[in-house]
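As the structure is a computational prediction, the values presented were derived from the model and not from experiment.
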Amino acid sequence: MEEKLRSEPKKFFMSLRDIAFWIQSARTDAALEKLQAEHGPEGAFDLLYSQKSDPFASGQSCYRYQKLKYEKLISFLPKRHYSSVLDVGCGLGPFTRELSPHADHILGVDLSEAAVIQARDSSRANANVRFEQRDIQQIGKIEEKFDLITVLDVLYYLPNLSDEMLKSVAAQIESLLAPGGLLLLVNHFFFHVDPASRQTRRIHDSFRRNSSLQIVSENKRAFYLASLYTRLEGAGTSSVPGLAPAS
């Protein structure tokens, strides 16, 4: 079924001030890599959010890029209202809140409990939004189905991102999608120049190979790749490698 897409914003995607945004992001990534080596993934992200309330500058209004990116991503989605939405790796919840007017219920999940606490505090005005601490490697334990799942700039932060881990995460996310549901997968992408960009194509292709996911659209923008998939109607739940049953 064809659906009218949202019109895309026309504003230029960044300003000179956004150079500071990229510098801060690079410093945050470097600090995170060091913390992960010393404390493991969960401990690293908690320490990162405890040391600086908004380490990725996701909610700082002085920067134009991130806000316009969120608007553009929503424009890629079919223009309709969603019943239940899952935002994976929500951080402080800025994109979760951007989705709020378009859904009945939204669940934002993040590995960091410190980030989740801040997200709850910042989202008190959004009655249809809730947040939980979850590990994406065990995301399939959520006992709900969603007609939209968003995964923004998350997967290349996983340590030792093997093909088997990607297959497991893709299958778990697929298992949470209702038939006909949509998955919006977004990752940093800058012409394969940096390590994260070189991982992005591999990440997106791993979802494309999933048996019940069909690509709807692929959009390359500065500086990210956004792929929209749908779960085919009538598709059964595939097995999820490496996922233990919920206790």
Side-chain angles (χ1 to χ4, degrees), residues 20-21 24-63 65-67 69-71 73-74 82-146 148-159 169 172-173 176 184-188 243-244 246-247:
F21 168 80
Q24 180 172 334
S25 296
R27 288 174 175 169
T28 295
D29 285 346
L32 180 61
E33 186 175 353
K34 183 177 180 181
L35 288 170
Q36 285 180 319
E38 296 173 353
H39 303 280
E42 185 173 347
F45 277 98
D46 270 337
L47 282 170
L48 191 69
Y49 280 101
S50 298
Q51 292 171 359
K52 195 166 187 177
S53 60
D54 188 3
F56 295 99
S58 60
Q60 296 183 24
S61 59
C62 60
Y63 301 129
Y65 175 80
Q66 200 74 339
K67 174 69 172 175
K69 177 181 175 180
Y70 293 155
E71 292 177 1
L73 292 177
I74 290 176
Y82 297 91
S83 173
S84 186
V85 177
L86 174 65
D87 184 19
V88 180
C90 64
L92 301 178
F95 191 61
T96 321
R97 291 186 289 275
E98 290 289 333
L99 289 168
S100 178
H102 308 290
D104 293 329
H105 307 285
I106 306 180
L107 171 62
V109 299
D110 198 272
L111 179 64
S112 169
E113 183 68 27
V116 166
I117 290 170
Q118 290 189 59
R120 286 173 182 156
D121 188 58
S122 300
S123 306
R124 295 184 186 277
N126 302 91
N128 61 336
V129 172
R130 74 184 201 277
F131 295 93
E132 295 179 3
Q133 190 275 331
R134 296 273 185 172
D135 184 346
I136 192 173
Q137 296 185 63
Q138 297 291 317
I139 199 71
K141 289 186 176 181
I142 296 176
E143 296 181 352
E144 297 179 51
K145 295 289 184 183
F146 303 90
L148 173 63
I149 297 178
T150 62
V151 187
L152 275 58
D153 299 304
V154 174
L155 291 171
Y156 44 67
Y157 285 114
L158 290 173
V169 170
Q172 290 181 61
I173 290 174
L176 299 177
L184 178 63
L185 179 66
V186 183
N187 287 288
H188 174 75
L243 179 64
S247 56

When rounded to the nearest 0.5 angstrom, what is the spacing between [atom1] in [X] and [atom2] in [Y]?
X      : Y      : atom1 : atom2 : result
Leu155 : Leu185 : CG    : CG    : 6.0 Å
Gln133 : Leu111 : CD    : CG    : 6.0 Å
Leu107 : Ile142 : CG    : CD1   : 5.5 Å
Phe146 : His105 : CZ    : NE2   : 11.0 Å
Ser25  : Asp153 : OG    : CG    : 9.5 Å
Gln118 : Asp54  : CD    : CG    : 7.5 Å

Is there a side-chain contact between [X] and [Y] in this structure, where contact means two heavy atoms from C-beta onward sitting under 4.5 Å apart?
X      : Y      : result
Lys69  : Val186 : yes
Leu99  : Ile74  : yes
Ile117 : Tyr49  : no
Asp29  : Phe56  : yes

Any Lys/Arg nitrogen of Arg134 or Glu144 sitting under 4.0 Å from an Asp/Glu carboxylate oxygen of the other?
->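 Salt bridge flag = no for Glu144 with Arg134.
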Please list all pairs meeting salt bridge (Lys or Arg N to Asp or Glu O under 4.0 Å) that have one or both residues in [range], counting only residues at least two apart or in different chains.
range           : answer
residues 82-104 : Lys67-Glu98
residues 31-40  : none
residues 41-52  : none

Compare every heavy atom of [Y] with every heavy atom of [X], then report the nearest pair and how far apart it is.
X      : Y      : value
Gln36  : Tyr157 : NE2-O, 3.3 Å
Leu92  : Ala115 : CD2-O, 3.9 Å
Phe131 : Arg120 : O-NH2, 2.9 Å
Ala44  : Leu32  : CB-CD1, 4.0 Å
Asp110 : Gly89  : OD2-C, 3.4 Å
Cys90  : Pro94  : O-CD, 3.8 Å

Between Phe95 and Tyr70, what is the ring plane arrangement, given parallel below 30°, perpendicular above 60°, and tilted in between?
->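 The arrangement is tilted - the two ring planes meet at 30° to 60°.
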